[in-house]
Amino acid sequence: MISKIFALIKTNNIEENLFLNIQNSLKYKDFNDEFTYEIDLIFNNFNFSNAEETYVIWDKYKADRFQTNWLLLNWKYVWYSMRDEAVILYQEKLNRLLLITHYGRIYFNSFNNN
């Protein structure tokens, strides 16, 4: 899974910092940090699918796979912006990637929403 993300951001050096690579490779939008709790709005804003499975990637060694509907309903139990500095969301079939930061910046690879 992580190797697919490195390919998506066009690097093959998995020894590099995954989060820094994403920050250096993708566009971003800034939001109020409270927006990071509004996962349904994030999905709508960045063209994520409610029907897909979504991987939540905590670091290059740990990822969890969720049914997206479950993740949307339980996001407040998954994401704590005060504790978690950043989290990566990835939908493999759509090849969509988000990096959500605790300070409200969201990096994305979907350019449909400019």
Side-chain angles (χ1 to χ4, degrees):
M1 177 58 50
I2 301 301
S3 61
K4 290 181 181 182
I5 292 173
F6 274 109
L8 187 64
I9 60 174
K10 297 181 177 37
T11 185
N12 58 5
N13 186 352
I14 62 172
E15 295 305 315
E16 293 180 10
N17 185 298
L18 176 62
F19 291 90
L20 289 177
N21 270 302
I22 290 172
Q23 290 174 357
N24 292 331
S25 301
L26 302 182
K27 289 185 173 184
Y28 66 86
K29 283 189 171 185
D30 288 323
F31 296 92
N32 179 306
D33 63 335
E34 291 299 313
F35 184 76
T36 64
Y37 289 101
E38 303 293 336
I39 192 64
D40 53 336
L41 294 177
I42 292 172
F43 271 49
N44 287 336
N45 239 313
F46 294 98
N47 301 315
F48 263 55
S49 169
N50 294 355
E52 297 293 324
E53 289 183 334
T54 301
Y55 290 88
V56 176
I57 300 162
W58 304 105
D59 60 41
K60 66 182 179 183
Y61 303 109
K62 184 172 179 351
D64 295 310
R65 182 176 62 187
F66 296 101
Q67 292 297 322
T68 300
N69 288 331
W70 185 93
L71 183 64
L72 293 173
L73 290 173
N74 294 285
W75 182 246
K76 64 184 175 186
Y77 304 112
V78 174
W79 170 250
Y80 301 100
S81 71
M82 299 305 280
R83 183 194 72 203
D84 302 323
E85 290 184 26
V87 65
I88 299 166
L89 301 180
Y90 177 62
Q91 289 187 334
E92 185 175 19
K93 290 181 184 174
L94 295 175
N95 216 21
R96 296 265 194 263
L97 178 68
L98 293 177
L99 169 62
I100 301 172
T101 68
H102 70 286
Y103 52 88
R105 181 169 285 177
I106 300 177
Y107 294 84
F108 61 98
N109 74 323
S110 171
F111 292 47
N112 297 339
N113 60 352
N114 290 331

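These figures come from a predicted structure and were not determined experimentally. Computation of the quantities below employed the complete heavy-atom set of this structure, encompassing side-chain atoms and omitting hydrogens, waters and symmetry-equivalent molecules.
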Contacts of Asp64 that satisfy salt bridge (charged side-chain N to carboxylate O under 4.0 Å, His left out) - sequence neighbours left out: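 Testing Asp64 for salt bridge (charged side-chain N to carboxylate O under 4.0 Å, His left out), a comparison that skips the adjacent residues, returns Lys62.
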
For Glu53, all residues meeting salt bridge (charged side-chain N to carboxylate O under 4.0 Å, His left out), sequence neighbours excluded: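 Testing Glu53 for salt bridge (charged side-chain N to carboxylate O under 4.0 Å, His left out), a comparison that skips the adjacent residues, returns Arg65.
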
With Arg105 via side chain to side chain donor-acceptor pair (under 3.5 Å) - residues at least two apart: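 Listed in chain order: Asp30.
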
Contacts of Asn24 that satisfy side chain to side chain donor-acceptor pair (under 3.5 Å) - sequence neighbours left out: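 For Asn24, no residue satisfies side chain to side chain donor-acceptor pair (under 3.5 Å) once neighbours in sequence are set aside.
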
Sole residue of Ile100, Asn47, Leu98 in side chain to side chain contact (heavy atoms under 4.5 Å, CB included) with Phe108: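 With Phe108 as partner, Ile100, Asn47, Leu98 yield a single side chain to side chain contact (heavy atoms under 4.5 Å, CB included), made by Leu98.
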
Provide the closest heavy-atom pair for [X] versus [Y] in the form atom of the first, atom of the second, distance.
X      : Y     : result
Asn109 : Leu97 : OD1-N, 2.7 Å
Asp59  : Leu18 : C-CD2, 4.5 Å
Phe48  : Leu89 : CZ-O, 3.7 Å
Trp58  : Val78 : CH2-O, 3.4 Å
Phe35  : Leu41 : CE1-CB, 3.7 Å

Mutual orientation of the aromatic rings belonging to Tyr107 and Tyr28 [parallel < 30°, tilted 30-60°, perpendicular > 60°]: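 Judged by the thresholds at 30° and 60°, the geometry between Tyr107 and Tyr28 is tilted.
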
Qualifying residues under side-chain contact (heavy atoms from CB on, under 4.5 Å), relative to Leu94, sequence neighbours excluded: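 For Leu94 the side-chain contact (heavy atoms from CB on, under 4.5 Å) partners, ignoring immediate neighbours, are Ser49, Glu52, Gln91, Arg96.
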
Just wondering, do [Y] and [X] contact through their side chains at under 4.5 Å, heavy atoms?
X     : Y     : value
Leu99 : Leu26 : no
Tyr90 : Val56 : no
Thr54 : Phe43 : yes

Residues in ring pair (Phe, Tyr, Trp, His ring centres under 6.0 Å) contact with Phe19, at least two apart in sequence or another chain: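 Listed in chain order: nothing, the list is empty.
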
How many angstroms lie between atom [atom1] of [X] and atom [atom2] of [Y], to the nearest 0.5 angstrom?
X     : Y     : atom1 : atom2 : value
Tyr37 : Ile42 : OH    : CD1   : 11.0 Å
Asn17 : Gln23 : CG    : CD    : 8.0 Å
Asn45 : Asp40 : CG    : CG    : 10.5 Å

Shared hydrophobic cluster, Leu73 / Trp75 (ILVMFWY, side-chain heavy atoms < 4.5 Å):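 No.
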
